[in-house]
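I have placed the structure first, in the form of structure tokens, so that the comments after it can refer back to it.
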Amino acid sequence: MQVTEATLASMKPDPQILDHRRTSADFAAARPCIALLPLGATEQHGAHLPCGTDTFQVSYLADEIARAYPEPVWRLPTIPITVSHMHRGSPGTVWLTNATLTALVKDMVLSLRHEGITRVVVLNGHGGNFVVRPIIQDLNRDYDDLRVILLEASTGERVFEEPPGSIHAGESETSRMLHVAPDLVRMDLAVDTDVPYTQSYLLYAPIARLEPSGVWGHATAATAEKGRRYHELYVPAAVASIQRTFAALDALPGGPTHGTAGPEPR
Ligand SMILES: [Zn+2]
């Protein structure tokens, strides 16, 4: 199945997904206790992947997690623009500042809280959103009734063979896109790079200066089968991780909570 954010609005509501295609009466009947907030991005992904790669990938994951979760989840619309200024200077890139994303996530979480939803899963589809951790930590510090947890969309070590630290538009992202939206992938333009910097260098300089191709990994090794396998492993692990993390937080002896959830390796 292929899902893109651009087509979501025109699709009929999916009875298995409680999202913005549903009516207020549907929400009143379902009474969701958990919200899932996917963070995408709009930024260069080399010559072979669309600028909306992170948005398409995280939207797909959010749909699949919402379908698989054993109770109703308010699957929020994917935020398509986040902190991508490490891709500045590359056409097709647009970003928020860290301060703006902080305000955006905080406003959304607090409006959910106002409406009685105090468990929020932030599904981060963009590795450049370094600020998402302090945002979540601050929200949990300031509101004892909130449980805001983090789920990262990229945990591909068991499926992909490119070197650790291959963080952008390489084997992992390209394989996932070949599974999610193959028509948007130009494998004839895929390249491999071995960037001699760690991810920390994104704090210091834009990718355009660190690696002019914009690719940080081995894109030519990508296959749709690897992408399919990744999602097959990821979705149940993500569901289990969300359940486990909320249960663990609930079992804590009072006081503020904070936490990071991520699928456990198997
Ligand atoms: Zn990406």
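Remember, it's 1-based here, ligands and their atoms both numbered in the order they're listed.
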Mind reading off the angle at the Zn ion (ligand 1) between the OD1 atom of Asp54 and the NE2 atom of His45, rounded to 10°?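 Rounded to 10°, it measures 100°.
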Quick one: list whatever passes ring-ring contact (aromatic ring centres under 6.0 Å, His included) with His168, sequence neighbours left out.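 If we apply the ring-ring contact (aromatic ring centres under 6.0 Å, His included) test to His168, skipping adjacent residues, the hits are His45, His87.
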Can a cation-pi geometry be assigned to Arg119 and Phe246, taking NZ or CZ under 6.0 Å from the six-membered ring centre and within 45° of the ring axis?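 Yes.
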Is there an N/O/S atom in Glu43 that lies less than 2.8 Å from the Zn ion (ligand 1)?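 So Glu43 does not count as coordinating the Zn ion (ligand 1).
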N/O/S of His126 less than 2.8 Å from the Zn ion (ligand 1)?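 Here the distance criterion (N, O or S atom, under 2.8 Å) is not met by His126, so no.
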Working to the nearest 0.5 Å, report the span between OG1 of Thr102 and CD1 of Ile135.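 The distance works out to 3.5 Å.
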By atom name, which N, O or S atom of Glu173 is the nearest to the Zn ion (ligand 1)?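 Atom name returned: OE2.
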Please list all pairs passing the salt bridge (charged side-chain N to carboxylate O under 4.0 Å, His left out) test where one or both residues lie in residues 25-39, with sequence neighbours left out.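 Listed once each, the pairs are Arg22-Asp26.
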